[in-house]
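Notes to accompany the following structure.
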2 protein chains.
Amino acid sequence: MRIGELSERTGTSRRLLRYYEEQGLIAAARGANGYRDYDERFVDRVLQIRGLLDAGLPTRIIKQILPCLDQPRTIYFRDATPEMIATLRRERDRMTGHIECLTRNRDAIAEYLDAVLDYDRAPAPDAV
Amino acid sequence: MRIGELSERTGTSRRLLRYYEEQGLIAAARGANGYRDYDERFVDRVLQIRGLLDAGLPTRIIKQILPCLDQPRTIYFRDATPEMIATLRRERDRMTGHIECLTRNRDAIAEYLDAVLDYDRAPAPDAV
DNA sequence: TTTGACCTTCACATCAATGTGAAGGTTCGA
DNA sequence: TCGAACCTTCACATTGATGTGAAGGTCAAA
């Protein structure tokens with residue numbers, strides 16, 4: 001598929017797809033005319049990149065850990081340098097902390113929202 | 001406390017603290033000499049801002065929902081406009097999706113890491 | 001009273017993620 | 001064969017979160 005279709009299927013602008021390629025996150029094949037040519041797997045790949053980006057990882061880290069996340073699972077032991085392992089550990093822990101923080105704040109928002117909605121349903125006479 | 005101390009206690013640069021104030025996220029009192037004067041509650045407040053920022057919320061949204069997250073819990077029913085409720089719902093759901101995505105990727109990284117560490121402990125002869 | 005460590009504002013710089021548009025090639029159907 | 005709808009690269013613009021530095025005020029201790 002060409003870039004337009006991938007763009008539509010992933011909700012990602014063409015510009016961004018080219019940017020991700022420029023950053024080394026994806027590598028499209030090229031047709032004889034120079035057009036990028038993507039296969040099915042790129043749909044998930046792009047969605048995954050968006051997710052990681054949204055999770056706050058910068059492209060340079062995503063580039064590092066993306067190969068580890070391939071489906072079907074392939075373990076690239078060659079890549080398992082001490083630095084790589086350290087990066088993975090660091091990101092895993094960072095993400096865990098991130099998840100906790102996010103969960104706390106999400107819960108606080110949800111709690112507040114529920115309280116407000118409860119109030120709307122049965123307002124107490126002495127509430128503000 | 002002055003900005004330097006708050007900066008150290010929150011691990012946030014003075015520049016950023018001023019920026020958050022400029023964005024309306026925090027409002028410091030001023031001493032006679034013009035210096036910002038923060039009380040204890042700002043420590044948690046700044047940490048919370050960092051958390052939300054790290055969660056991907058932009059400052060303009062944080063500004064909106066921050067009052068709802070105050071400890072001790074105070075429900076500002078006056079602020080419960082339909083728009084506010086919609087924003088809260090939207091952000092709550094966005095954050096939930098975010099948490100799920102993050103968790104999936106974190107687990108994938110953790111899984112890969114464990115596999116690599118297992119391999120290091122007892123390498124199979126036919127693995128790459 | 002001077003020095004150093006604070007603080008202030010202002011403003012320009014940077015970085016990543018994006019938008020946007022120009023200038024031009026390709027493909028395909030009317 | 002023409003036009004629409006793709007594609008290409010290049011490059012400048014913008015936005016949000018930050019860094020950095022200048023120019024200057026405040027304050028405490030030597």
Side-chain angles (χ1 to χ4, degrees), chain A residues 1-39 42 45-66 87 91 94-95 98 101-102 105, chain B residues 1-39 42 45-66 87 91 94-95 98 101-102 105:
Chain A
M1 100 192 68
R2 285 178 308 181
I3 200 169
E5 187 182 341
L6 184 61
S7 168
E8 273 184 27
R9 290 179 58 182
T10 59
T12 304
S13 72
R14 291 145 216 247
R15 171 69 175 84
L16 248 341
L17 292 174
R18 295 192 187 103
Y19 175 71
Y20 297 155
E21 179 173 323
E22 186 187 318
Q23 298 303 306
L25 267 33
I26 49 181
R30 295 298 183 121
N33 52 14
Y35 289 10
R36 288 173 179 79
D37 184 29
Y38 302 93
D39 67 40
F42 280 91
R45 167 64 57 127
V46 170
L47 260 11
Q48 186 167 42
I49 289 171
R50 305 288 306 197
L52 290 166
L53 230 25
D54 203 42
L57 306 218
T59 52
R60 68 166 204 292
I61 298 290
I62 296 178
K63 181 180 173 178
Q64 277 185 72
I65 67 183
L66 215 41
T87 296
E91 288 306 321
R94 212 184 58 77
M95 289 170 82
H98 200 150
C101 172
L102 211 41
N105 281 297
Chain B
M1 98 191 71
R2 286 178 308 180
I3 202 170
E5 187 181 341
L6 185 60
S7 168
E8 273 183 26
R9 290 179 57 183
T10 60
T12 304
S13 72
R14 292 146 214 247
R15 171 67 174 86
L16 251 340
L17 293 174
R18 296 193 186 104
Y19 174 70
Y20 297 153
E21 179 173 325
E22 186 188 319
Q23 299 302 308
L25 267 33
I26 49 181
R30 296 295 183 124
N33 51 15
Y35 289 11
R36 287 172 180 81
D37 184 29
Y38 302 93
D39 67 40
F42 281 90
R45 168 64 56 128
V46 170
L47 260 11
Q48 187 167 40
I49 290 171
R50 306 288 308 194
L52 290 167
L53 230 26
D54 205 40
L57 305 218
T59 52
R60 69 166 204 292
I61 298 289
I62 296 178
K63 181 180 173 180
Q64 277 186 74
I65 67 182
L66 215 41
T87 296
E91 288 306 322
R94 214 186 56 79
M95 287 170 82
H98 199 153
C101 172
L102 210 41
N105 281 297

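Every chain is numbered from 1, with letters handed out A, B, ... down the list of sequences. Just the heavy atoms: all of them, side chains too, but no hydrogens, waters or symmetry mates, feed the values below.
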More than 12 heavy atoms of other groups within 6.0 Å of A/R30 CZ
yes
Strictly below 4.0 Å: does A/T59 bring a side-chain N or O up to OP1 or OP2 of C/dA17?
yes
Whole-Å distance separating the CD1 atom of A/I3 from the C1' atom of D/dT9:
12 Å
Choosing from C/dG19, C/dA17, D/dA17, which nucleotide comes nearest the side chain of A/S13?
C/dG19
How close do B/R2 and B/Y38 get, counting heavy atoms only, and between which atoms?
C-CD1, 4.0 Å
Keeping the roles fixed (side chain from A/S7, backbone from A/I3), state whether a donor-acceptor pair exists under 3.5 Å.
no
Taking only Lys NZ, Arg NE, NH1 and NH2, and the carboxylate oxygens of Asp or Glu, determine whether A/R18 and A/E21 approach each other closer than 4.0 Å.
no
Could you tell me how far apart B/M1 (CE) and C/dC6 (P) are, to the nearest whole angstrom?
16 Å
In whole angstroms, the gap separating C1' of D/dA17 from CD of B/Q23 amounts to 9 Å
Side-chain contact check for A/L16: nearest option of C/dT8, D/dC7, C/dA17 is C/dA17
Looking at B/Y20, does any N or O in its side chain come under 4.0 Å of the phosphate oxygens OP1/OP2 on D/dT18?
yes
To the nearest angstrom, the CZ-P distance between B/R2 and D/dG25 comes to 18 Å
Under the side chain to side chain donor-acceptor pair (under 3.5 Å) test, which residues partner B/E5, sequence neighbours left out?
B/R9
Specify the separation, in whole Å, of atom CG of B/L53 and atom P of D/dT15.
18 Å
Where A/R50 and A/L16 come nearest, the two heavy atoms and their spacing:
NH1-CG, 4.0 Å
Nearest whole Å is fine: how far is C/dT20 P from A/Y19 OH?
17 Å
Pull out every residue in residues 27-36 of chain B that has a heavy atom closer than 4.0 Å to any atom of DNA chain D, ordered by number, or say none.
B/N33, B/Y35
Can you measure A/L52 atom CG to C/dA17 atom P for me and round it to whole angstrom units?
12 Å
Exercise: identify the closest heavy-atom pair between A/L25 and A/L66
O-CD2, 3.7 Å
From the candidates C/dA17, D/dT8, D/dT18, the one with an atom nearest any side-chain atom of A/R18 is D/dT8
Round to the nearest Å and state the distance from B/L25 atom CG to D/dG16 atom C1'.
13 Å
Donor-acceptor pair present, B/R15 side chain and D/dT20 base, under 3.5 Å
yes
